[in-house]
Trainee: 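Okay, handing you the structure first.
Excluded from the calculations below are hydrogen atoms, water molecules and symmetry mates; all remaining heavy atoms, backbone and side chain alike, are included.
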Amino acid sequence: MSIAIAPPRSPLRAAPLRAVVPPFAVNIGIVGPGKVGSALLTQLRLAAPRLLRDCNLELHLRGVSDSRHMWLDCDDDALNSRTHGAQTWRPAELDEFAAYVAGERGEAAVLADCSASDVVADHYAGWLAAGIHVVTPNKRAASGPLERWRKIGGAASASGARLHYEGTVGAGLPVVQTLRDLIDTGDELTAVEGMLSGTLAWLFNRFDGSVPFSALVREAHAMGYTEPDPRDDLSGTDVARKLVILAREAGLALSLEDVAVRSLIPAALAGCSREEFMENLEGMDAPMSALLSEAQASGHVLRHVARLDGRQASVGVQAIDREHAFAHSRLTDNVVRFATRRYCDNALVVQGPGAGPEVTAAAVFADLLRVAGAMGVKRCAC
């Protein structure tokens, strides 16, 4: 152990010797350097000096991988600025990438999967079994096949490696952790009701009949609120995945097939190309206008809602009373209401912006710090 000796305070009295504690180092690999992955890279780079100074935590970026390449010289400035000029790259092979990130000296290692890939999720069990921690906003693992999810959980339990996925449901909102805390402290979930899509929240907060629904979809698409193919949002499948994740967190063996999903996409537009869909968006206007007129006639508003009550799970547009909490959401707000044995008279509500790469990356970063905290790294002062 190295010793740092300070100059004596006076000729008569020397300062005591102080041990220098080496920083706790964590190797990091990022899979999927898209919008969320790029935001995470920036957040890691900006926070690293403060974490080293205040928490004695050293974040060591070891690698970045997309679907075709992996870059392994991660102290190279070219990689950290997210260009393709890093010194070492090779065709992507995920297990080789994970082994490189883990290193050869038993360092703590965390893989941040910022993709939306089932292929990447297929590797989680192997990584966790090898002692590599995983943090992710990728919904495919926690909402995918039950057998795979059970293998992932079994691998984590056997090795002690940690899996965190706060960013899968509410981007940066503490939705999964809130539910986990309720369950871990002995509460029982009775129902979940939520607006779980920032895109659909924005659309229905704006849809009042003054402009066609198709015009709002085009506007949302132009502003980057929707996925490249808006049908990924409008189908409701993404929201259904989030509902499955919450159900499983509460101990229910729910699968995507168990959720009754009412898609907003007319059958005639479901199977065409993305370009054809965008050209024929007006095909959505008549059915959406009819839904709105019916809701307004009874003094209600339209919202896209996910519900879980027992094992009954549903996702779709619903007419909501104007006094309901969902009727007062703003912009891209996600709202989740947990009804539990404790919170039976007044549901526990989590609400806030539920979309965007910055807040989603921040959730992944927070999960990474939870991993470090579980290994003894002190919590930093804000």
Side-chain angles (χ1 to χ4, degrees), residues 108 110-113 121 124-125 127-129 131-144 146-194 196 241-255 258 306-313 334-352 354 359-360 362-380:
V110 180
L111 288 173
D113 172 21
Y124 284 12
W127 294 343
L128 291 162
I132 301 171
H133 308 282
V134 178
V135 295
T136 184
N138 183 355
K139 292 179 279 293
R140 298 289 175 153
S143 67
L146 264 173
E147 186 58 32
R148 182 178 68 183
W149 183 234
R150 288 170 175 149
K151 287 181 180 178
I152 289 170
S157 296
S159 71
R162 301 177 73 89
L163 170 67
H164 289 287
Y165 44 95
E166 183 63 78
T168 57
V169 176
L173 297 178
V175 176
V176 174
Q177 189 63 46
T178 296
L179 178 55
R180 182 175 297 168
D181 288 345
L182 292 170
I183 301 301
D184 286 349
T185 57
D187 206 349
E188 298 174 9
L189 184 71
T190 56
V192 177
E193 184 180 45
L196 301 180
R241 288 188 179 280
K242 296 177 182 182
L243 195 61
V244 168
I245 291 169
L246 294 178
R248 291 180 179 179
E249 199 65 32
L252 296 176
L254 201 73
S255 293
D258 299 323
R307 280 200 173 97
L308 174 67
D309 189 351
R311 288 191 59 86
Q312 300 300 311
N334 277 194
V335 189
V336 185
R337 301 175 77 250
F338 292 119
T340 71
R341 180 172 50 81
R342 292 177 189 150
Y343 293 90
C344 53
D345 297 325
N346 193 12
L348 175 62
V349 177
V350 180
Q351 179 171 354
V359 292
T360 304
V364 180
F365 197 172
D367 279 347
L368 190 157
L369 295 179
R370 286 190 184 95
V371 171
M375 291 185 285
V377 175
K378 71 173 184 177
R379 183 180 179 88
C380 291

Trainee: If the condition is side chain to side chain contact (heavy atoms under 4.5 Å, CB included), which residues does A158 pass it with, not counting sequence neighbours?
Mentor: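 With sequence neighbours excluded, A158 shows a side chain to side chain contact (heavy atoms under 4.5 Å, CB included) to no residue whatsoever.
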Trainee: Would you check if D113 and Y124 make a side-chain contact, meaning some heavy-atom pair closer than 4.5 Å?
Mentor: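 When only atoms from C-beta onward are counted, Y124 and D113 do touch, with a gap below 4.5 Å.
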Trainee: Within a strict 4.5 Å, meaning less than it, do heavy atoms of the V110 and I132 side chains meet?
Mentor: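 Contact flag for V110/I132 side chains = no.
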Trainee: Given the rule in the side-chain contact (heavy atoms from CB on, under 4.5 Å) test, do F338 and V175 qualify, once you have shown the distances and angles that lead to the verdict?
Mentor: CA-CA 10 Å; F338 292 119; V175 176; 3.9 Å; yes
Trainee: Let me confirm one number: the CG-CG distance from L254 to L308, rounded to the nearest 0.5 Å.
Mentor: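 If we round to the nearest 0.5 Å, L254:CG and L308:CG are 6.5 Å apart.
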Trainee: Please enumerate all residues that pass side-chain hydrogen bond (donor to acceptor under 3.5 Å, both in side chains) together with H164, with sequence neighbours excluded.
Mentor: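 For H164 the side-chain hydrogen bond (donor to acceptor under 3.5 Å, both in side chains) partners, ignoring immediate neighbours, are R162.
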Trainee: Sequence neighbours left out, what passes side-chain hydrogen bond (donor to acceptor under 3.5 Å, both in side chains) with K139? Give chain and number order.
Mentor: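 So K139 forms a side-chain hydrogen bond (donor to acceptor under 3.5 Å, both in side chains) with D238.
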Trainee: Just jot down the side-chain hydrogen bond (donor to acceptor under 3.5 Å, both in side chains) partners of R341, sequence neighbours excluded, or say none.
Mentor: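 Once residues adjacent in sequence are excluded, R341 has no partner under the side-chain hydrogen bond (donor to acceptor under 3.5 Å, both in side chains) criterion.
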Trainee: Compare all side-chain heavy atoms of T136 with those of V364 and state whether any distance is below 4.5 angstrom.
Mentor: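 No, every pair of side-chain atoms sits at 4.5 Å or beyond.
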Trainee: Pairs under 3.5 angstrom only: tabulate donor-acceptor contacts from the side chains of residues 367-374 to other protein residues two or more places apart or in another chain.
Mentor:
residue	atom	partner	partner atom	Å
D367	OD1	R370	NH1	2.6
D367	OD2	Y165	N	3.4
D367	OD2	E166	N	3.0

Trainee: For A171, give me all partners under side chain to side chain contact (heavy atoms under 4.5 Å, CB included), at least two apart in sequence or on another chain.
Mentor: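 If we apply the side chain to side chain contact (heavy atoms under 4.5 Å, CB included) test to A171, skipping adjacent residues, the hits are V359, T360.
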Trainee: Would you say V336 and L196 make side-chain contact, with heavy atoms under 4.5 Å?
Mentor: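 V336 reaches L196 side chain to side chain.
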Trainee: Applying salt bridge (Lys or Arg N to Asp or Glu O under 4.0 Å), can you list everything that pairs with R150, at least two apart in sequence or on another chain?
Mentor: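 Partners of R150 under the salt bridge (Lys or Arg N to Asp or Glu O under 4.0 Å) test: none.
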Trainee: Check the pair V176 / R180 against side-chain contact (heavy atoms from CB on, under 4.5 Å), numbers first and verdict last.
Mentor: CA-CA 6 Å; V176 174; R180 182 175 297 168; 4.0 Å; yes
Trainee: Tell me the ring-ring contact (aromatic ring centres under 6.0 Å, His included) pairs involving residues 166-192, sequence neighbours left out?
Mentor: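 Qualifying pairs, neighbours excluded: none.
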Trainee: Quick one: list whatever passes side chain to side chain contact (heavy atoms under 4.5 Å, CB included) with A155, sequence neighbours left out.
Mentor: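 Side chain to side chain contact (heavy atoms under 4.5 Å, CB included) check on A155 returns A125, L128, A129.
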Trainee: Decide yes or no for I152 and L163: does some side-chain heavy atom of the first lie under 4.5 Å from some side-chain heavy atom of the second?
Mentor: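 A side-chain contact exists here, since the closest heavy-atom pair is under 4.5 Å.
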Trainee: Who passes side-chain hydrogen bond (donor to acceptor under 3.5 Å, both in side chains) against S143, sequence neighbours left out?
Mentor: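 Per chain and number, S143 pairs via side-chain hydrogen bond (donor to acceptor under 3.5 Å, both in side chains) with R241.
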Trainee: Determine the minimum heavy-atom distance between L179 and A250, stating which atoms define it.
Mentor: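 Result for this residue pair: CD2-N, 4.4 Å.
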Trainee: Of all residues at least two apart in sequence or in a different chain, which pass the side chain to side chain contact (heavy atoms under 4.5 Å, CB included) check with S255?
Mentor: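 Counting only residues at least two positions away or on another chain, S255 forms a side chain to side chain contact (heavy atoms under 4.5 Å, CB included) with L146, R248, E257, D258.
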Trainee: With respect to L246, which candidate in T168, L252, V192, L189 satisfies the side-chain contact (heavy atoms from CB on, under 4.5 Å) definition?
Mentor: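 Passing option: V192.
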Trainee: For residues 181-191, pull every pair meeting side-chain hydrogen bond (donor to acceptor under 3.5 Å, both in side chains), keeping only residues two or more places apart or in separate chains.
Mentor: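 For residues 181-191: Q177-D181, T185-R342, D187-T340.
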